[in-house]
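Below: one structure, written as structure tokens.
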Amino acid sequence: MSIYSLNYPWGKTGKNSLAAQYAASTPRGKFKLDDKPWAEMWCLQKRLNANKETSIGQPILSKFSVDLPYLPKIAVALGKFEVFVGFKPLPEIEKPFTSIPILKSKFPPGLYQSFYNDLLKLIVGQVLSASDEDIAKVYETLKKTPKEDFDEHFYIPELLPRLAKQYDKSDPRSLVTLLTMNFLVLQKGDAIYVPADGIHAYLSGDIVECMARSDNVINTGFCPQADRDSVALFTSALTFSPNSGKDAILKPEKSNKGAKDRTKVFAPPMSEFNMLLTELKGKDTETIQAIQGPGIMVITGGKGKLKADNSEFEVKEVYAFFWAQYGIHT
């Protein structure tokens, strides 16, 4: 497959970027590694439209067409990975906004007796619309607030300076993520599922992500000001699933596609976004049975051989392959 990397300010620079390393090392790639910040590596099958019925398959084409709308995504960690995903349970959001004086005074929840989803939208809008001076004042106050005041979310005052260094202490998006969203630290092989329209923000680390080819994303934080959408548009589109960190975790299951039981599957509710994970040691082999649709294989470690279509290919870390529907691979 053709591989290329995307340059965004939040990426890692040069050789520090795993995405850039992969893009520069793939056999058919033309990407040249330099000292820019590289954030993403994309796998592209250029002849997909010309051979769509053979490579994608009629069942997928009938359901989605080639250009998919914005749909769910899953992300599997390649190492330690920090992510904000979905809103915390409402009682956990309510407590700091009703018990910490600076939050209670700057973002009053009004006369409501308890939090509910529309009120959360209102408060998120208040935070995002606050002045730079108010956000900076809240930041300085929360940074000095004892971590015990945040209960199980004791990491908040510790992460505040880190986010401020990356995005400035007057950036309200840091407050939204820390105060309202679930913060997870994944390890290698852990995965999350983000439903359609699910709020999420990646902080650090490397992942393999499966998602539709789409630009239908509403941005409001962890990106340059020019790339941010309006606060009103963002808050109007908010959904509330998952509503806990535990609900966002996607556990692997045994896959019936691995003939030798060395393959697991991360299976979100929409099967078209299933991700297979095959781990081989020494002289282990595995045969992946045919699937009813296209697939992409990315080698994230080691080296070996791939047999498909009566041909044999060398594989090693950073290589990526496309397989058409009903293909069997060993």
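Under the 4.5 Å side-chain criterion, counting only non-hydrogen atoms from C-beta, Ile135 is in contact with Leu175. Residues Leu90 and Leu120 are in side-chain contact: their nearest non-hydrogen atoms beyond the backbone lie under 4.5 Å apart. Using a 4.5 Å heavy-atom threshold, the side chains of Ser255 and Lys264 count as separate. Counting only heavy atoms from C-beta outward, the side chains of Pro242 and Pro195 approach each other to under 4.5 Å. Under the 4.5 Å side-chain criterion, counting only non-hydrogen atoms from C-beta, Asp171 is not in contact with Leu163. Looking only at side-chain heavy atoms (C-beta outward), Ile100 and Phe150 come within less than 4.5 Å of each other. Considering only heavy atoms from C-beta on, Lys147 comes within 4.5 Å of Pro157 through its side chain. The shortest distance between side-chain heavy atoms of Lys106 and Lys137 falls below 4.5 Å.
For Lys121, the NZ atom is densely surrounded, since the number of other residues' heavy atoms within 6.0 Å is greater than 12. Glu140 CD: more than 12 foreign heavy atoms inside a 6.0 Å radius. Heavy-atom contacts from other residues, nucleotides or ligands closer than 6.0 Å to CZ of Phe313 number more than 12.
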Practice task
Report the C-alpha distance between Asp168 and Ser170 in whole Å, list the side-chain angles of each, state the deciding distance to 0.1 Å, and finish with yes or no for side chain to side chain donor-acceptor pair (under 3.5 Å).
Solution key: CA-CA 5 Å; Asp168 194 78; Ser170 63; 2.4 Å; yes
Exercise for the section: Using the side-chain contact (heavy atoms from CB on, under 4.5 Å) rule, take Lys257 and Leu276 through it: C-alpha gap first, then chi angles, then the decisive distance, then the call. Expected result: CA-CA 9 Å; Lys257 297 300 182 183; Leu276 301 179; 4.3 Å; yes
Problem - Worked check of side chain to side chain donor-acceptor pair (under 3.5 Å) between Glu82 and Tyr202 - result: CA-CA 7 Å; Glu82 297 173 300; Tyr202 298 153; over 6 Å; no
Practice task
Any chance you could lay out the side-chain contact (heavy atoms from CB on, under 4.5 Å) test for His153 and Phe183, step after step, and finish with the verdict?
Solution key: CA-CA 9 Å; His153 307 297; Phe183 176 62; over 6 Å; no
Practice task
Apply the test side chain to side chain donor-acceptor pair (under 3.5 Å) to residues Thr13 and Lys36: give CA-CA distance (whole Å), side-chain angles for both, the deciding distance (0.1 Å), then the verdict.
Solution key: CA-CA 5 Å; Thr13 56; Lys36 295 178 182 177; over 6 Å; no
Practice task
Before giving the answer on side-chain contact (heavy atoms from CB on, under 4.5 Å), spell out for Val176 and Leu128 the whole-Å C-alpha distance, their side-chain angles and the decisive distance to 0.1 Å.
Solution key: CA-CA 8 Å; Val176 170; Leu128 293 176; 3.7 Å; yes
Problem - Stepwise side-chain contact (heavy atoms from CB on, under 4.5 Å) check, Trp38 with Leu6 - result: CA-CA 6 Å; Trp38 298 102; Leu6 296 182; 5.6 Å; no
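One hydrophobic cluster, built from ILVMFWY side chains closer than 4.5 Å, holds both Tyr155 and Tyr139.
Across every non-hydrogen atom of Gly14 and Leu33, the tightest pair is O-CD1, 3.7 Å. Of all heavy-atom pairs between Thr300 and Glu317, the closest is O-OE2, 3.5 Å. Contact between Val208 and Met275 at its shortest, heavy atoms only, is O-CE, 3.8 Å. Residues Ser5 and Ala23 approach most closely at CB-CB, 3.8 Å, considering heavy atoms. Nearest heavy-atom pair, Ala267 versus Leu250, reported as atom, atom and distance to 0.1 Å: O-CD1, 3.7 Å. In plain terms, the two heavy atoms of Lys305 and Glu312 that are nearest each other are CD-OE2, 3.7 Å.
When each of Glu286, Glu279, Lys254 is paired with Thr263, the side chain to side chain donor-acceptor pair (under 3.5 Å) condition holds for Glu286 and for no other. Each of Leu184, Asn182, Leu203, Ile199 was scored for a side-chain contact (heavy atoms from CB on, under 4.5 Å) with Phe84, with one residue passing: Leu203. A side-chain contact (heavy atoms from CB on, under 4.5 Å) with Phe81 holds for exactly one of Leu186, Asp206, Asp190; it is Leu186.
A donor-acceptor pair under 3.5 Å is formed between the side chain of Thr145 and the backbone N or O of Thr141. A side-chain donor-acceptor contact under 3.5 Å links Asn7 to the backbone of Pro37. Here the side chain of Arg262 pairs a donor or acceptor atom with the backbone of Thr285 at under 3.5 angstrom. Side-chain atoms of Ser129 do not come within 3.5 Å of backbone N or O of Gln126 as any donor-acceptor pair.
Rounding to the nearest 0.5 Å places CZ of Phe266 at 10.0 Å from CD of Glu253. To the nearest 0.5 Å, atom CG of residue Leu103 and atom OG1 of residue Thr98 are 9.5 Å apart. Note that CD of Glu152 and NZ of Lys95 are 8.5 Å apart. Values are rounded to the nearest 0.5 Å. Atoms NZ and OG, from Lys80 and Ser204 in turn, are 7.0 Å apart once rounded to the nearest 0.5 Å. With values rounded to the nearest 0.5 angstrom, Asp35 atom CG is found 11.5 Å from Ser17 atom OG. Summarising the geometry, atom CD1 belonging to Ile249 is positioned 11.0 Å from atom NZ belonging to Lys246; distances are rounded to the nearest 0.5 Å.
Salt-bridge formation is not detected for the pair Lys88/Glu94: no Lys NZ or Arg NE/NH1/NH2 atom is positioned less than 4.0 Å from an Asp or Glu carboxylate oxygen.
Below 30°, between 30° and 60°, or above 60°: for Phe97 and Phe107 the angle between ring planes is above 60°, a perpendicular geometry.
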